[in-house]
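Following: one structure in structure tokens, then a few remarks.
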Amino acid sequence: MDLTGRLHVVPPPRDELLVRDPAGVVAPDGAAVGIHNHRLYAHYGTAEFVALADRLVTRTGTRLTVMDLFGERSPERVRLDPSPERFRDELATLPGVTVASDRGDRVRYRELLAGSRFGIAPFRAGCPWAMSVIDCQGMGLPVIAPRIGWLGEHIDEELLFDSLGEAVEIVQRLTTDPEWYLVQAKRAHASTVDLAPARVTACYLEAL
């Protein structure tokens, strides 16, 4: 079926509260804080993230903030899929890892992003989109990501990895090469420019 001119994909806009001029971004001076702001379901590849978190904190001195996006779920939801609680508790035991919540407050969420120096994408197979990645990039945070799905198309090539070892090497460079870090911060921010609300609205109206 030829869908040329009949199918339009319009992405959601970035949150303008979560946008920061990359000129104000400060490069890490040695060890830095990374943030993982994604759901901790098993099918998001969280087991792989736990393995990476362990390597990063033990081999690079990196500290990690892991967002607890669910809080206390109902017993019924936990019975359906207990993996978020299991991974949250496992991550909380790792030295250098802090499990944090924004308590549903977007200002608090911005503060957590602003206190970080890079983001870590989910290991979700065939990932079609990740608004949390856009949140980081809008704040000028480089995001490292496995080379899978949309992540492999959207993230800067130099921040993609095919193994945990490569991921560790990228983080080491981000935290020890200020000039390269600032280049990546600008690229991250620039990758969200077309997601500004006005531009997304124009694309939507054009599709109509």
Side-chain angles (χ1 to χ4, degrees), residues 11-41 44 46 49-50 52-53 56-57 60-73 84-85 87-122 124 129-145 151 154-156 159 167 170-171 174-176 178 180-193 195-198 200:
R14 68 186 184 184
D15 183 344
E16 294 301 286
L17 176 65
L18 306 177
V19 176
R20 178 174 58 173
D21 186 340
V25 173
V26 178
D29 181 13
V33 177
I35 190 166
H36 183 272
N37 52 336
H38 310 277
R39 294 170 180 168
L40 299 177
Y41 288 121
Y44 272 59
T46 307
F49 167 67
V50 173
L52 175 59
L56 288 177
V57 298
T60 71
T62 298
R63 291 175 290 128
L64 297 177
T65 298
V66 176
M67 296 292 297
D68 177 11
L69 299 178
F70 291 127
E72 295 303 319
R73 297 191 300 159
E85 284 75 18
F87 285 123
R88 181 189 62 192
D89 294 344
E90 183 176 353
L91 286 161
T93 67
L94 295 179
V97 174
T98 299
V99 177
S101 173
D102 60 10
R103 301 179 294 277
D105 183 338
R106 296 298 278 181
V107 173
R108 169 63 178 158
Y109 180 46
R110 177 188 168 89
E111 291 172 349
L112 289 168
L113 293 178
S116 305
R117 290 294 177 266
F118 67 93
I120 303 174
R124 184 180 180 184
W129 177 261
M131 199 70 217
S132 296
V133 166
I134 303 301
D135 293 344
C136 287
Q137 292 178 319
M139 292 287 290
L141 301 182
V143 178
I144 69 169
L151 298 169
H154 176 74
I155 302 292
D156 188 85
L159 298 179
I170 293 170
V171 170
L174 284 173
T175 57
T176 59
W180 187 67
Y181 175 88
L182 293 176
V183 167
Q184 290 299 335
K186 291 177 181 177
R187 289 178 182 174
H189 181 271
S191 72
T192 72
V193 169
L195 298 176
V200 172

Crowded around [X] [atom1]? As in, over 12 foreign heavy atoms under 6.0 Å?
{"X": "Glu16", "atom1": "CD", "value": "yes"}
{"X": "Arg20", "atom1": "CZ", "value": "yes"}
{"X": "Arg187", "atom1": "CZ", "value": "yes"}

(message) Please verify the inter-ring angle class for His36 with His38; under 30° counts as parallel, over 60° as perpendicular, anything in between as tilted.
(response) perpendicular

Test item: [X] and [Y] side chains (from C-beta on) under 4.5 Å apart, heavy atoms:
{"X": "Tyr41", "Y": "Arg124", "result": "no"}
{"X": "Leu159", "Y": "Leu174", "result": "yes"}
{"X": "Arg88", "Y": "Phe70", "result": "no"}
{"X": "Pro122", "Y": "Phe49", "result": "no"}
{"X": "Val19", "Y": "His189", "result": "yes"}
{"X": "Ile134", "Y": "Leu195", "result": "yes"}

Could you tell me which non-hydrogen atom of [X] sits nearest to which non-hydrogen atom of [Y], and how far apart they are?
{"X": "Leu91", "Y": "Ala53", "result": "CD2-CB, 4.2 Å"}
{"X": "Gly115", "Y": "Val33", "result": "O-CB, 3.9 Å"}
{"X": "Trp129", "Y": "Pro11", "result": "CH2-CB, 3.9 Å"}
{"X": "Pro13", "Y": "Val200", "result": "CA-CG2, 3.8 Å"}
{"X": "Trp180", "Y": "Ile170", "result": "CZ3-O, 4.0 Å"}
{"X": "Val25", "Y": "Ala185", "result": "CG1-CB, 4.1 Å"}

Measuring from atom [atom1] of [X] to atom [atom2] of [Y], what distance do you get when rounded to the nearest 0.5 angstrom?
{"X": "Ser191", "Y": "Ile155", "atom1": "OG", "atom2": "CD1", "result": "7.0 Å"}
{"X": "Thr98", "Y": "Asp68", "atom1": "OG1", "atom2": "CG", "result": "12.5 Å"}
{"X": "Ile35", "Y": "Leu113", "atom1": "CD1", "atom2": "CG", "result": "5.0 Å"}
{"X": "Leu112", "Y": "Ser101", "atom1": "CG", "atom2": "OG", "result": "8.5 Å"}
{"X": "Asp29", "Y": "Thr176", "atom1": "CG", "atom2": "OG1", "result": "10.5 Å"}
{"X": "Leu64", "Y": "Leu94", "atom1": "CG", "atom2": "CG", "result": "8.5 Å"}

(request) Check the pair Gln137, Val143 against side chain to side chain contact (heavy atoms under 4.5 Å, CB included), reporting the backbone distance first and the verdict last. (result) CA-CA 7 Å; Gln137 292 178 319; Val143 178; 3.9 Å; yes

Using side-chain contact (heavy atoms from CB on, under 4.5 Å) as the criterion, list what pairs up with [X], not counting sequence neighbours.
{"X": "Asp15", "result": "Leu17, Leu18, Arg106"}
{"X": "Leu182", "result": "Ala27"}
{"X": "Ala190", "result": "none"}

Would you please name every residue forming a side-chain hydrogen bond (donor to acceptor under 3.5 Å, both in side chains) with [X], sequence neighbours left out?
{"X": "Thr46", "value": "none"}
{"X": "Thr192", "value": "Arg14"}
{"X": "Glu111", "value": "none"}

(message) Closer than 3.5 angstrom, by distance alone: can the side chain of Arg117 be matched with the main-chain N or O of Val26 as a donor-acceptor pair?
(response) yes

(request) Please assess Asp102 against Asn37 for the test side chain to side chain contact (heavy atoms under 4.5 Å, CB included), listing each intermediate value before the final yes or no. (result) CA-CA 10 Å; Asp102 60 10; Asn37 52 336; over 6 Å; no

(request) Evaluate the side chain to side chain contact (heavy atoms under 4.5 Å, CB included) criterion for residues Phe118 and Thr62: first the C-alpha distance (whole Å), next the side-chain angles of each, then the deciding distance (0.1 Å), finally the verdict. (result) CA-CA 10 Å; Phe118 67 93; Thr62 298; 3.7 Å; yes

